[in-house]
2 protein chains.
Amino acid sequence: MSAFHTYKNPSLAVDMVVFGYQDNKLSVLLLNRNEEPFKNEWTLPGGFVRMEDTFEETCTNILSKKLGLTKLYLEQLYSFDETDRDPRGRVISVAYYSLINPAKFKIVAGSMANDVKWFEVKKMPKLAFDHKKIFAAAIKRLQSKILYFPLGFELLDDLFTMSELHQLYECILDTEIDRRNFSRKILDADFIINTGIKREGVKNRQPDLFKFNKKLKQNNFHLNIQQQ
Amino acid sequence: MSAFHTYKNPSLAVDMVVFGYQDNKLSVLLLNRNEEPFKNEWTLPGGFVRMEDTFEETCTNILSKKLGLTKLYLEQLYSFDETDRDPRGRVISVAYYSLINPAKFKIVAGSMANDVKWFEVKKMPKLAFDHKKIFAAAIKRLQSKILYFPLGFELLDDLFTMSELHQLYECILDTEIDRRNFSRKILDADFIINTGIKREGVKNRQPDLFKFNKKLKQNNFHLNIQQQ
DNA sequence: TTAGTTTGTGTTATTTTGACACAAAGGTAA
DNA sequence: TTACCTTTGTGTCAAAATAACACAAACTAA
């Protein structure tokens with residue numbers, strides 16, 4: 001195409017909605033900006049995409065180098081393209097969301113921010129740019145995807161009890177789920193049945209722990225939980 | 001962010017999977033390129049995003065100016081970012097898919113292509129770039145979304161019979177669906193019940209035509225059709 | 001008219017779901 | 001240890017959803 005070099009290109013960035021689960025609450029990691037625009041306001045972690053990096057590489061670099069987070073579940077969410085979404089000029093944002101177990105990491109505010117903090121999804125502050133919209137899309141995706149894909153395990157320890165999983169689902173879906181019916185649905189799910197996931201007792205913990213094999217994630221299941 | 005102007009930005013393009021339904025077959029619109037790279041090979045329609053245009057504006061411009069298609073259903077699919085996906089250099093592709101009723105338009109090959117043709121999804125030629133991957137993602141999205149959102153109507157005339165709709169679903173999902181159970185599910189769907197969609201006889205056509213009001217699209221429903 | 005096809009309605013067995021009873025197991029405090 | 005409470009596992013059952021199919025009415029084509 002002859003026009004290949006005649007266009008000026010929009011800038012390209014990634015923004016990430018990093019979910020963590022602690023104390024039976026779902027939280028999101030936010031940075032307090034130390035530069036204009038939106039200085040001292042809260043934003044999603046993000047950064048520009050370099051010519052030689054893929055989106056995932058960009059995400060991984062930002063999270064690992066600046067926040068110390070590695071080996072995360074990452075999934076592309078949507079690309080946000082409104083022409084006025086960044087006051088500095090035209091910036092496309094490719095949004096990703098990530099699920100992490102906060103117990104496994106120490107979050108460190110790098111040079112890019114005054115502060116880094118977990119905010120419960122029900123107590124979010126005002127967000128800079130169009131990040132409120134990105135956050136809303138991420139919550140919606142998480143809520144719908146967890147019904148047919150075992151996302152929840154990313155947020156828990158490798159070993160967890162059925163009731164921990166149950167509470168996680170109630171928290172994410174923001175609804176009550178009958179404990180006994182939930183348990184049966186999980187145990188009937190293909191990814192448990194087909195792969196022989198183990199249940200075992202572990203010292204000093206309750207006797208019904210699941211041992212979760214990360215390889216099981218690929219198997220689909222469907223919970224069909226009714227929203228209240 | 002001080003780095004705002006120090007990055008060289010990847011080029012940004014949109015590519016579109018335009019679905020049409022004719023003769024009880026689902027087809028996709030492809031262009032035959034008249035320039036290198038991939039000269040004389042088939043590709044999805046697409047083009048570069050200008051600084052002042054959103055993705056949807058870019059899509060609309062390409063489809064209307066070059067192919068004569070207007071007022072289309074458009075939905076963002078995914079953004080493809082592999083660094084080597086375009087031999088000319090780094091090009092991000094934001095993929096959209098579109099549903100049109102081919103009977104309403106005359107497709108014209110503009111200056112950008114040798115030829116424009118509908119290809120049945122089961123008889124696709126080799127595609128240039130990574131467009132095979134984009135096409136596969138679009139089919140998958142269409143198949144899953146049609147189960148809970150009334151997408152199918154975009155592909156039919158404003159008036160259509162129940163059996164036309166039934167055949168469309170069988171075709172898209174590539175499975176057999178019991179005619180009588182399907183009919184009941186459609187009639188029980190919220191978007192029919194809540195809005196009082198009309199059924200009426202029309203001269204010279206079968207007496208069970210639906211009159212489809214475009215405003216109804218917003219209402220969700222769930223068909224829960226079993227894949228064979 | 002007749003034969004064949006398409007379409008609308010009804011029936012039924014099976015499966016899935018939601019709600020809940022109850023017992024077993026584990027923890028805690030005396 | 002016992003008594004009591006909490007947590008967890010299994011079972012039951014009614015209601016709802018689903019899949020399969022019978023049959024009659026309407027239409028088409030000859």
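Naming convention: chains lettered A, B, ... in sequence-line order (proteins, then strands); numbering from 1 in each chain.
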Q) Rounded to whole angstrom units, what separation is found between the CD atom of B/E176 and the P atom of D/dA20? A) 10 Å

Q. Does A/K133 have any side chain to side chain donor-acceptor pair (under 3.5 Å) partners at least two apart in sequence or in another chain, and if so, which?
A. A/E82

Q) Between B/S163 and C/dT6, does any side-chain N or O lie under 4.0 Å from OP1 or OP2? A) no

Q: Please identify each residue that fulfils side-chain contact (heavy atoms from CB on, under 4.5 Å) with B/S27, with sequence neighbours left out.
A: B/W118, B/E120

Q.
Output the rounded distance in Å from NE2 (B/H166) to P (C/dT5).
A. 18 Å

Q) Quick one: do A/R180 and A/D178 make a salt bridge, cutoff under 4.0 Å? A) yes

(Q) For D/dA19 and B/K185 - does any side-chain N or O of the residue sit under 4.0 Å from the phosphate oxygens OP1/OP2? (A) yes

Q: Sequence neighbours left out, what passes side chain to side chain donor-acceptor pair (under 3.5 Å) with A/N181? Give chain and number order.
A: A/R184

Q.
If I take atom CZ in residue A/F182 and atom C1' in nucleotide D/dT10, what distance separates them, rounded to the nearest angstrom?
A. 17 Å

Using atom types as modelled, flag every donor-acceptor pair under 3.5 Å from a side chain in residues 18-25 of chain B to any protein atom, sequence neighbours excluded.
residue, atom, partner, partner atom, Å
B/Y21, OH, B/N24, OD1, 2.6
B/Y21, OH, B/L168, N, 3.4

Q.
According to side-chain contact (heavy atoms from CB on, under 4.5 Å), who are the partners of A/N101, at least two apart in sequence or on a separate chain?
A. A/A103, A/K104, A/D157

Can you tabulate the close N/O pairs, meaning under 3.5 Å, that link protein atoms to atoms of nucleotides 20-24 of chain C?
residue, atom, partner, partner atom, Å
C/dC20, N4, A/R180, NE, 3.4
C/dA21, N7, A/R180, NH1, 3.1
C/dA21, N6, A/R180, NH1, 3.0

Q.
Could you tell me how far apart B/I186 (CD1) and C/dT7 (C1') are, to the nearest whole angstrom?
A. 16 Å

Q) Using rotation axes that map the C1' atoms of four end pairs onto the next four (five pairs an end), what angle separates the end axes of the helix from C/dT1-D/dA30 to C/dA30-D/dT1, to 10°? A) 20°

Q.
Test of understanding: with side-chain contact (heavy atoms from CB on, under 4.5 Å), list the residues that count as partners of B/A95, not counting sequence neighbours.
A. B/L77, B/F80, B/I134

Q. For the pair made of CE in B/M162 and P in D/dA26, what is the distance, rounded to whole Å?
A. 18 Å

**Q.** All side chain to side chain donor-acceptor pair (under 3.5 Å) counterparts of A/K145, not counting sequence neighbours
**A.** A/E75

